[in-house]
Amino acid sequence: MTAPPEKIRCDACPVMCYIAPGQTGACDRYVNDAGRIVRTDPVLLLSETLASGGKVIPFAAATWTDGLVPDDTTVTGIGAGTTYPDYKPAPFIVSQQIDGADMVTVVTEAIFSYCGVKVKIDTDRHLGPEGATVRHQGEPVGHVTTAEYGSQMLSLGGVHHLTGGGKAEGRLTCAALLALCNGDAVDLSIDGGSTVTVQAGQPPVVDGTPERRMRVGCGSATIGMFASQWKGLVDEVVVVDDHITGVLTEHQAGKCLDMPPSGLRVRGRKSTPGRYFQVANPGTGWGGTDVTDPLTIVESFDPKVSRPGMRLLFVSTTGDHFAWYVLDDALVPRPAPMPAEVMKVVERIGENCEPSVATVLFVAGAGGSLRAGVTENPVLLTRSIKDLLTRVTVGGAPAYVWPGGGITVMVDVARMPERSFGWVPTPAIVAPIEFTMRADDYARLGGHVDRVVPVAEAVARAQAKVLAWDAGNPWPIEPAAAR
Ligand code: SF4
């Protein structure tokens, strides 16, 4: 099929859009600008000067000339463009002198088919069984993975959802990943579980309720932390928790404080004294269980041990749920007003909880052909990274590079500039990546040294904008440690 003459072809990804003048391609990242295919966003530079409250020269190609780009400015892959179809050198390969060392930074926007996000949701609430499918707008986009201490974890995206299922599955997986990586809120539903709204850095919303507190610890840990503050005020405390429910007087903490046994027995499977598993089913009630009435987890009171008038506190691991009872003459717990001193300790549990947030880590495999944009001998780039001679950043943020083969990177999207991510309809996620190393190391690994230009020259050729460096991130263009 021949394209209409006025349209030109973009070859920045395998979709190969024909783009009419003034129009953008399918991903909105490239435009036909008077017969030239041009990236729609400027390449992003980050400046330490701006971060520390200083000023930089207003950014325009005409005014930003050699000598005016300070050493504390680094080029990111954001807006740089891609190297597809892979034999092309990276869009920007820039040199800078840092502390007397000649450094090179290679930046590109990478098209990641192998990518996904790990989402950490600070909540006790049971979001769904481990391994359950996570859906976005009805399509499977990931699964529930192993819970962590005080957090539920989701694994979303990945090549099987992006390309191994139906068209809608791939499209919605890509849309969910893009939104999460760009800091937008995404609604997810979990088979056999809850609905949750997730946004990086924001409190998660579980079944319509914003989560406020991350638990202070498991039920056993909560007993240990507050046991001495309860002594003298209570005769028994049960900390309800889906993992380990704690019973104060039976727990080692109560024993060490010489608290007499209460005779209260909870349901569930005893792990060790005062520590019980499976007192109820997982749920969104007390302490991540389905408990709404704490007395339902009480199996019995031992008439030989329990005494009328005993004071019982039931509390959850966040202090969100609490109840106070006094045993009557028949050893039946009766609700009673909670003493102010006990309430203070309950409030202290809440005070010691950290705020609940959702964290989104982008994970992607950069070990494929994009390495050819950096070097003619791609495996040398991988080795250089493993040897710590080349530093990898993603939109300027530090990336954890997984050990083993390939270049599998993981980055906290909240440490990246806003809206750093894009997409292409293959479908895949587009993310910036930067490789920084000494110039002599770059030559040694077979880099495209003939394409290295001083940073000012590269910037003068491009549309660019400069933002303040995130001072919480380590500066990437420092010479590697002396060898
Ligand atoms: S989807 Fe975007 S990058 Fe791919 S060919 Fe079309 S305009 Fe170019």
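It should be emphasised that the depicted structure is a prediction, and the values quoted were computed from it without experimental measurement. Counting convention: from 1, in listed order, for ligands and their atoms alike.
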Problem set entry | Nearest-neighbour protein heavy atom for atom 7 (S) of ligand 1, which is reported as residue plus atom name and distance | Gly25 CA, 3.5 Å
Exercise. When you measure from atom 6 (Fe) of ligand 1 to every protein heavy atom, which one gives the shortest distance, and what is it?
Worked result: Cys17 SG, 2.2 Å
For this session: Could you check atom 1 (S) of ligand 1 against the protein and tell me its nearest heavy-atom contact, residue, atom and distance included?
Result: Pro425 CD, 3.5 Å
Exercise. Does a side-chain N-to-carboxylate-O contact under 4.0 Å join Arg444 and Asp441?
Worked result: yes
For this session: For the pair Asp122 and Lys120, find out whether any cationic side-chain nitrogen is under 4.0 Å from an anionic carboxylate oxygen.
Result: yes
Exercise. Considering only protein heavy atoms, which is closest to atom 8 (Fe) of ligand 1, and at what distance to one decimal place?
Worked result: Cys10 SG, 2.3 Å
Exercise. Hey, does Met437 have a side-chain heavy atom less than 4.5 Å from the side chain of Leu389?
Worked result: no
Seminar exercise, completed: for atom 4 (Fe) of ligand 1, nearest protein heavy atom and its distance come out as Cys13 SG, 2.3 Å
Problem set entry | Side chain Arg275, main chain Gly246, donor-acceptor under 3.5 Å | no
For this session: Please determine which of Asp124, Asn352, Asp320 meets the side chain to side chain donor-acceptor pair (under 3.5 Å) test together with Arg213.
Result: Asp320
For this session: For Arg29, take its heavy atoms, then give the atoms of ligand 1 lying under 4.0 Å from any of them.
Result: 3 (S)
Exercise. Counting each atom of ligand 1 from 1 as listed, which ones have a heavy atom of Cys27 under 4.0 Å away?
Worked result: 1 (S), 2 (Fe), 3 (S), 7 (S)
Problem set entry | Ser189-Arg135 side chain donor-acceptor pair, cut-off 3.5 Å | no
